[in-house]
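Contents: one structure, followed by commentary.
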Amino acid sequence: MSRLSVSRVTPGMETNLVDCPECGLPATKRSDGWLASTHGPVEHVRLRCILGHRFFGPTDILLHRRRPH
């Protein structure tokens, strides 16, 4: 019988799990780099939740978007 290794999240460690902007369920986050804008470079990410919702856009908008109640 083998034991499953559990990794721990420590301060300063980045996680790739965030809330889905559509449904609030867990979503994976993948950085897609920086894209030019009229106000300078903007970081963009791709999100995909466990229900299949997919998003691509600026990090500051997607990760702070409030879903309707």
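Side-chain atoms are counted along with the backbone in the values below, which use heavy atoms only and exclude waters and symmetry mates.
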Scan the side chains in residues 48-57 for donor-acceptor partners under 3.5 Å anywhere in the protein, sequence neighbours excluded, and list what turns up.
none

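- A donor-acceptor pair under 3.5 Å is absent between the side-chain atoms of Ser31 and the main chain of Val45, judged by distance alone.
- The distance from atom CG of Leu17 to atom CG of Leu25, rounded to the nearest 0.5 Å, is 12.0 Å.
- The salt bridge (charged side-chain N to carboxylate O under 4.0 Å, His left out) test applied to Arg46 returns Asp32, not counting sequence neighbours.
- With sequence neighbours excluded, the residues that form a side-chain contact (heavy atoms from CB on, under 4.5 Å) with Pro58 are Val42, His44, Asp60, Ile61.
- Side chains of Thr28 and Val18 form no contact here, defined as non-hydrogen atoms less than 4.5 Å apart.
- Here the side chains of Leu47 and Cys20 are not in contact, with every heavy-atom distance at 4.5 Å or above.
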